[in-house]
Trainee: 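Sharing a structure with you now.
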There are 4 protein chains.
Amino acid sequence: MTDMSVIMGKFMSRSNKLTSRDRLVRAAIEVFGTRGYHATRVSDLVSHAGVAHGTFYLYFDNKEAIFLYLVDDFFTRLQNQTLDRFPASAVANTGELNAQLLEMWRSILGHCRCEPFLTALILRESYAVSLASRTRVEERFAQTITSIGTYLKELAKRGIIRGSVTDASAWGILGLIERAIHYAVVVNPEAEVDTLAHEFLQIELNGLLGDREGLGAA
Amino acid sequence: MTDMSVIMGKFMSRSNKLTSRDRLVRAAIEVFGTRGYHATRVSDLVSHAGVAHGTFYLYFDNKEAIFLYLVDDFFTRLQNQTLDRFPASAVANTGELNAQLLEMWRSILGHCRCEPFLTALILRESYAVSLASRTRVEERFAQTITSIGTYLKELAKRGIIRGSVTDASAWGILGLIERAIHYAVVVNPEAEVDTLAHEFLQIELNGLLGDREGLGAA
Amino acid sequence: MTDMSVIMGKFMSRSNKLTSRDRLVRAAIEVFGTRGYHATRVSDLVSHAGVAHGTFYLYFDNKEAIFLYLVDDFFTRLQNQTLDRFPASAVANTGELNAQLLEMWRSILGHCRCEPFLTALILRESYAVSLASRTRVEERFAQTITSIGTYLKELAKRGIIRGSVTDASAWGILGLIERAIHYAVVVNPEAEVDTLAHEFLQIELNGLLGDREGLGAA
Amino acid sequence: MTDMSVIMGKFMSRSNKLTSRDRLVRAAIEVFGTRGYHATRVSDLVSHAGVAHGTFYLYFDNKEAIFLYLVDDFFTRLQNQTLDRFPASAVANTGELNAQLLEMWRSILGHCRCEPFLTALILRESYAVSLASRTRVEERFAQTITSIGTYLKELAKRGIIRGSVTDASAWGILGLIERAIHYAVVVNPEAEVDTLAHEFLQIELNGLLGDREGLGAA
DNA sequence: AATGAATGAGAATTCATTCAT
DNA sequence: AATGAATGAATTCTCATTCAT
């Protein structure tokens, strides 16, 4: 249903027959993402994947394990395709920052648009699966915050953004990104990614008041 | 029916003996907020509340019903204490906006700090309880978005903020607020509300680049 | 709803206000008779009767007790109004037997038509309430069989009916009566009692073949 | 799906190991038939059948479902072995009717004697399990009445029995049959089926007065 | 590698009954 | 005599997990 290569991140040329494991992962993304983790029974997963109950336990220790796999996979791929590709060191001035962040927004929103089920699942349920998985998810978010924080501090140090950014700011930016993704994927999946990228970039860089100079000029 | 003791977190003046329903609501906030909704059994709730199993079903249809009550109650009170008290119409210029939003941030963060369990519960699990409750929660968030959107459009119309704010912007601001609350309540519950309010206000109004004029002046 | 004097078997002139006990008995007949014993909760009984839960236990030991009261009451009254009023000794020949049994059928069907709820309840559920109440009901039916058997043997002894009637016959007649009542009360409550009485009497006395002499004459 | 072992009360030839479903059906017949439906817990069923709780729900939706299965099965088999095998069309005169009905009585009583638990269960509790099952049982009895009625009308049309038989008569005959079965299975399980068949046939055809001609002759 | 019938611990929910007022 | 909030034992049902094949 969704593009295979994106979901699996693997080559699929050898055989057009998916392995049982792949089928289970795909089923989990779709069913968890639609019904929610807790409303999904292992039997839903296996029937959706077209495999037997026992087969599930051949590849995953338990229901939580496949969820955790999805989370790790999601965060890893998102990180690779976004922050890792856009180092603060490559930015010399406001104009370049503008360009880089625009690209980053495009990348994030585009990526999440490609896997709407998984994205919605992570946004909605990542904290709510179990105490154990909450801890794992908190670690992942903490890493993200560190990445964002490091990025921002680097820019601040070099005077490209204001100097007063802190960890709190990083959390705020994270929230902005999360709901931006939510908007792009869930609320308004028809909207152009480019338009949205500009819109959220504007808030990120200039807030509600917007570019003072532009405003002054107007 | 509305129980001040629960809402205010204070003892009632008439009698220092809480009703069974009050005890259950308090227990739910604490236990759901700590262990999470799904890891909480009705038996945890009643033992925490010090009432019998049957008593729970005297006041709530099921586990989901008490959660939904908490959600509605939370949103209603938060709305009352924030957006409802700060109309866009009372703002004439950037300075007044600054003051009003600062007050709003203080109010939101202060309010959520007072009920950390319930706040954390809503932030983490509101979407993940059940399909039915997800719908309810989505409605509540949709209302919030409408409030924020209306507020912003009013300000934009009067030229106090930039004219390009949209629904997407409202969702972005919502995300900022959510993670700001998360930071203030969960990540850094020791931080001064006032400091945080200034910090998030800065992002909200001026973004990462900050006040251009100030920046220029520096 | 149903005629009070019939249901209560008491005078009601002193006060038009029913006692709590009476209200409970009436409610039990109606609600047990409609919903069935097991689907009826004590709370249905008391809410239907307009009294409090505790009041129920002032008059009856438990839910089964009120059912048993209804059963005893029903059988006693039916016995009084039927077999007790029509002794075999009063019958001298076939013609008189015909007349007496017709009257008995009228009496039975008429009586049961007056309390359709209670009648349906007894017919449908008397054996199914509990092991204890089954025993009680079996005793009541055994008494009825004894009465019928005695009646038949007396007639047989005096050559008014055929000599070969046994206990088995008595049970067969009981079945006929039960389903006759069922038909008159449940299946076809509009049919004339008189017509039905003739019809069932015909089966009782002459079976399916009918009166041989009459048949021969025809 | 149909399980001969249960139906026939015999061991299957292929394998002497009953399936879980068979074991549950057998247990249900025995335990429901002894203790009664409402006094029987699902846990009684499974412990009697020697399977786990979960296994029960693998084969039946709930306790009511297995009861309904028993009812349908019972009625179907009884119908097949009685009315379906004895068409009114095969009867030409009173003598042949006598012979056919005698055979039918033998068949019914013999059949019910072979499954005393199930028979007693149906006779005692079929109406009392739940509102839903009452409806189902009423449908089954209505079908039976239709069968009996059709049979009787055919005979009446051809002058073999008296012309005045109606639906009411069919219900009366049904009652006679029910209590005859009850007598043969519950009250006097030692009595010879043949004797009983003659006895009930006598009532069915000639009623209490008996064969007029024979009586006159005597 | 795959199966799927069987398991049983564990959870939600009900409702007859009590008892302090 | 009447009340009705509170009780908690009892029961149904679910579903993640196992294991013999």
Side-chain angles (χ1 to χ4, degrees), chain A residues 19-21 23-24 37-47 49-67 130, chain B residues 17 19-21 23-24 38-47 49-66, chain C residues 19-21 23-24 37-47 49-67 130, chain D residues 17 19-21 23-24 38-47 49-66:
Chain A
T19 66
S20 290
R21 191 179 190 286
R23 301 166 71 86
L24 283 164
Y37 176 86
H38 282 100
T40 299
R41 287 157 296 155
V42 173
S43 68
D44 297 323
L45 253 29
V46 298
S47 68
V51 302
H53 267 76
T55 306
F56 178 87
Y57 292 91
L58 240 34
Y59 297 106
F60 300 96
D61 281 347
N62 48 46
K63 191 178 140 183
E64 200 182 342
I66 194 170
F67 174 78
S130 75
Chain B
K17 200 164 139 249
T19 66
S20 289
R21 193 181 189 283
R23 300 166 71 88
L24 283 164
H38 282 100
T40 300
R41 315 290 146 213
V42 173
S43 67
D44 298 324
L45 254 29
V46 298
S47 68
V51 302
H53 258 80
T55 306
F56 177 88
Y57 292 93
L58 229 41
Y59 297 105
F60 300 97
D61 280 347
N62 47 46
K63 200 172 78 148
E64 198 183 342
I66 194 171
Chain C
T19 66
S20 291
R21 192 180 188 285
R23 301 165 71 88
L24 283 164
Y37 176 85
H38 281 99
T40 300
R41 289 157 293 156
V42 173
S43 68
D44 296 323
L45 254 31
V46 299
S47 69
V51 302
H53 266 75
T55 307
F56 178 88
Y57 291 91
L58 239 35
Y59 297 105
F60 299 97
D61 280 348
N62 48 45
K63 191 178 140 184
E64 201 183 342
I66 194 170
F67 174 79
S130 75
Chain D
K17 199 164 140 251
T19 66
S20 290
R21 191 179 190 284
R23 301 165 72 87
L24 283 164
H38 281 101
T40 299
R41 316 288 147 218
V42 173
S43 68
D44 297 325
L45 255 29
V46 297
S47 67
V51 302
H53 257 83
T55 307
F56 177 86
Y57 292 94
L58 229 41
Y59 297 105
F60 300 97
D61 281 347
N62 47 45
K63 199 170 77 146
E64 198 183 343
I66 194 170

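Just so we're on the same page: letters track the sequence lines, and every chain starts at 1. Just so it is clear, the model here is predicted, and its values are computed rather than measured.
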Trainee: If you assign C/Lys63 and B/Arg41 each to the DNA chain E nucleotide with the nearest heavy atom, which residue ends up on the more 5' nucleotide?
Mentor: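 Closest to the 5' end, via its nearest nucleotide, is B/Arg41.
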Trainee: Side chains of C/Val42 and C/Tyr57: does their closest heavy-atom pair fall under 4.5 Å?
Mentor: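 In short, these two side chains touch, coming nearer than 4.5 Å.
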Trainee: Starting from the 5' end of DNA chain F, give me the residue, A/Thr40 or D/Val42, whose nearest nucleotide shows up first.
Mentor: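 The answer here is D/Val42.
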Trainee: Could you check how far CG of C/Asp44 sits from C1' of E/dT14, rounded to whole Å?
Mentor: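 Distance, rounded to whole Å: 12 Å.
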Trainee: Without decimals, in angstroms, what is the distance between D/Leu24 CG and E/dA5 P?
Mentor: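 After rounding, the reported distance stands at 14 Å.
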Trainee: Taking all non-hydrogen atoms of both residues, which atom of B/Ala49 and which atom of B/Arg23 are closest, and how far apart?
Mentor: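 Smallest interatomic distance, heavy atoms only, reads O-NE, 2.8 Å.
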Trainee: Closest approach of D/Ala52 and D/Val46, non-hydrogen atoms and distance?
Mentor: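 It is O-CG1, 3.8 Å.
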Trainee: Whole angstroms only, please: what is the CD-C1' distance between B/Glu64 and E/dA11?
Mentor: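 Roughly 16 Å, once rounded to whole Å.
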Trainee: What is the minimum heavy-atom distance between A/Ala65 and A/Asp61, and which atoms define it?
Mentor: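 Answer, listing the atom of A/Ala65 first, then A/Asp61: CB-N, 3.9 Å.
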Trainee: Which atom names give the shortest non-hydrogen contact between B/Ser47 and B/Asp44, and what distance separates them?
Mentor: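 It is OG-O, 3.2 Å.
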Trainee: Locate the shortest heavy-atom distance separating C/Arg21 from C/Phe60; write the atom from each residue and the value.
Mentor: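 Shortest heavy-atom separation between C/Arg21 and C/Phe60 comes out as NH2-CE2, 3.6 Å.
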Trainee: Between B/Ser43 and C/Asp61, who's closer to the 5' end of DNA chain E by nearest nucleotide?
Mentor: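 Here B/Ser43 is the residue nearer the 5' end.
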Trainee: If we ignore hydrogens and angles and just use 3.5 Å, is the side chain of B/Arg41 paired with the main-chain N or O of B/His38 as donor and acceptor?
Mentor: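 Pair found, side chain donor or acceptor close to backbone of B/His38.
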Trainee: DNA chain F in dot-bracket, Watson-Crick or G-U pairs under 3.5 Å, [ ] crossing, | other strand?
Mentor: .||||||||||||||||||||
Trainee: Nearest whole Å is fine: how far is F/dT12 P from D/Phe60 CZ?
Mentor: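 It is 15 Å, rounded to the nearest whole Å.
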Trainee: May I ask you to evaluate whether A/Tyr57 reaches the phosphate of F/dT17, defined as a side-chain N or O under 4.0 Å from OP1 or OP2?
Mentor: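 The answer is yes; a side-chain N or O of A/Tyr57 sits under 4.0 Å from OP1 or OP2.
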Trainee: Tell me, please, whether B/Phe56 has B/Lys63 positioned over its six-membered ring: NZ or CZ under 6.0 Å from the ring centre and within 45 degrees of its axis?
Mentor: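 No, a cation-pi geometry is absent between B/Lys63 and B/Phe56.
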Trainee: Could you give the CG-to-P distance, from C/Asn62 to E/dA16, as a whole number of Å?
Mentor: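 C/Asn62 atom CG is separated from E/dA16 atom P by 11 Å.
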Trainee: Nearest whole angstrom, please: distance from the P of F/dC15 to the NE2 of B/His38.
Mentor: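 Going from NE2 in B/His38 over to P in F/dC15 covers 11 Å.
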Trainee: So, do D/Leu24 and D/Val51 sit near enough that their side-chain heavy atoms are less than 4.5 Å apart?
Mentor: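 A side-chain contact under 4.5 Å exists here.
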Trainee: Provide a list of protein-nucleic acid N or O atom pairs under 3.5 angstrom, restricted to nucleotides 1-4 of chain E.
Mentor:
residue : atom : partner : partner atom : Å
E/dA2   : OP1  : A/Ser20 : OG           : 3.2
E/dA2   : OP2  : A/Tyr59 : OH           : 2.4
E/dT3   : OP2  : A/Ala52 : N            : 3.1
E/dT3   : OP2  : A/Thr55 : OG1          : 2.7
E/dG4   : N7   : A/Gly54 : N            : 3.0
E/dG4   : O6   : A/Gly54 : N            : 3.3

